[in-house]
Amino acid sequence: MIIRDAQFVVSNTDYRKCPQDGKPEYAFIGRSNVGKSSLINMLTNRKGLAMTSSKPGKTQLINHFIINDEWYLVDLPGYGYAQRGKEGRDQIRKIIDSYIINRAELTCLFLLLDCRHEPQQIDIEFMNWLGEEGVPFVIVFTKIDKLSKGALKKNMEAYTDTLKETWEEIPPIFYSSAEHRLGADEILGYIEQINKS
Ligand code: GTP
Ligand code: MG
């Protein structure tokens, strides 16, 4: 798919104030610093469209970007940032959870996982919660430029083994590097396929 146009539209803490034009949307979620905002910039080929930072906790709002005037990419705050304190973490989780559960336009959620890490309890629990709520999602392993091919393969096998313990059917898996611009065609192709169906 060719992205001709990508524009920031609006930031919100409340899903009820998000755009009301009924266009389908695709949101990016995962732990703070996993690379959600960077992936949106990579997909749209626009540096700085979504704000990124080397420090976790940069994105704090629900951010809508309109693509080709037809559909939205949505950048969400990350979950689990320890330094925010329990109250701060709970507040962010409320924003994220109510958006995910209530937003009818949410067509598919992209759950980002850092390919360097072993399965983390917080991510596994988040996926289980998505399953319980019946939210369709796919997995994106980010920052693949940080691992050798062998190490990536080993980590991915360990991850899928863990997922198989809970999931009869593992969701589709994508791999990305915002640094080396890898994975955009596959992810955009997937979105295009859903938009057409
Ligand atoms: P929050 O908004 O805090 O939840 O973080 P985020 O998930 O949006 O992460 P963000 O895109 O801001 O990226 C966090 C850091 O990881 C930044 O320093 C990015 O440059 C870096 N980063 C993101 N993606 C990649 C990648 O694919 N490869 C490498 N090497 N670095 C990346
Ligand atoms: Mg962000």
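When a ligand or atom number is given, it counts from 1 through the structure's own listing order. Computed over heavy atoms, backbone and side chain alike; hydrogens, waters and symmetry mates excluded. The model shown is predicted, which means the values in this text are computed figures rather than measured ones.
With a heavy-atom cut-off of 4.0 Å, K146 touches ligand 1 through its side chain alone. Counting heavy atoms under 4.0 Å from ligand 1, residue P56 touches it through the backbone alone.
D185 pairs by the salt bridge (Lys or Arg N to Asp or Glu O under 4.0 Å) definition with nothing, not counting sequence neighbours.
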The test is side chain to side chain contact (heavy atoms under 4.5 Å, CB included); show your working for L73 and F28 and say whether it passes.
CA-CA 8 Å; L73 284 175; F28 294 75; 3.4 Å; yes

Worked check of side chain to side chain contact (heavy atoms under 4.5 Å, CB included) between I100 and W129
CA-CA 11 Å; I100 290 174; W129 175 73; 4.2 Å; yes

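Inclusion of K55 in the set of residues having an N or O under 3.5 Å from an N or O of ligand 1 is not warranted. For the pair G35 and ligand 1, the shortest N or O to N or O distance falls below 3.5 Å. Between V34 and ligand 1, at least one pair of N/O atoms sits closer than 3.5 Å. Residue contacts with ligand 1: A178 is placed with a nitrogen or oxygen under 3.5 Å of a nitrogen or oxygen of the ligand (distance criterion only).
Applying the 4.0 Å criterion to heavy atoms of S177 picks out, from ligand 1, the atoms 27 (O). Those atoms of ligand 1 with a heavy atom of S37 less than 4.0 angstrom away are 8 (O), 11 (O). Those atoms of ligand 1 that come under 4.0 Å of a heavy atom in K58, given as number and element, are 1 (P), 2 (O), 3 (O).
Between the side chains of N195 and Y26, at least one donor N or O lies within less than 3.5 Å of an accepting N or O. Under the 3.5 Å distance criterion, with hydrogens and angles disregarded, no donor-acceptor pair is assigned to the side chains of Y81 and N33. Checked by atom type, the side-chain pair D114/T142 shows no donor-acceptor distance below 3.5 Å.
Summary of contacts: the protein heavy atom closest to atom 1 (P) of ligand 1 is N33 N, 3.7 Å. For atom 21 (C) of ligand 1, the closest heavy atom belonging to the protein is K143 NZ, 4.0 Å. Looking only at heavy atoms of the protein, atom 4 (O) of ligand 1 is closest to K36 NZ, 2.8 Å. Ranking protein heavy atoms by distance to atom 18 (O) of ligand 1, first place goes to S54 CA, 3.2 Å. For atom 28 (N) of ligand 1, the closest non-hydrogen atom on the protein side is D145 OD1, 2.7 Å.
The closest heavy-atom contact to atom 14 (C) of ligand 1, among the options S53, G78, A50, S38, comes from S53. Distances from atom 3 (O) of ligand 1 to the heavy atoms of S176, G57, S32 show the closest one on G57.
Between I62 and C18, some side-chain heavy-atom pair lies under the 4.5 Å cut-off. Here the side chains of I101 and Y15 are not in contact, with every heavy-atom distance at 4.5 Å or above. Two residues are said to be in side-chain contact when any heavy atoms from C-beta on lie closer than 4.5 Å; I122 and F126 fail this criterion. Residues Y190 and F110 form a side-chain contact, since some pair of their non-hydrogen atoms from C-beta on lies under 4.5 Å apart.
Residues in residues 158-180 take part in no salt bridge (Lys or Arg N to Asp or Glu O under 4.0 Å) pair, two or more places apart or across chains.
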List, one per line, each side-chain donor-acceptor pair under 3.5 Å for residues 36-50, sequence neighbours excluded.
from	atom 1	to	atom 2	distance (Å)
K36	NZ	G30	O	3.4
K36	NZ	R31	O	3.0
S37	OG	M51	O	3.3
S37	OG	T59	OG1	3.0
S37	OG	D75	OD1	3.4
S37	OG	D75	OD2	2.5
N41	OD1	L49	N	3.2
N41	OD1	A50	N	2.7
N41	ND2	A50	O	2.9
T44	OG1	I40	O	2.8
T44	OG1	N41	O	3.3
R46	NH1	T44	O	2.5
R46	NH2	R4	O	3.3

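Two rings, from W167 and F137, have their centers less than 6.0 Å apart.
In this structure, T142 has no heavy atom closer than 4.0 Å to ligand 1.
Around CD of E133, the count of heavy atoms belonging to other residues, nucleotides or ligands within 6.0 Å exceeds 12.
Protein atoms of type N/O/S that fall under 2.8 Å from the Mg ion (ligand 2) number 2 in this view.
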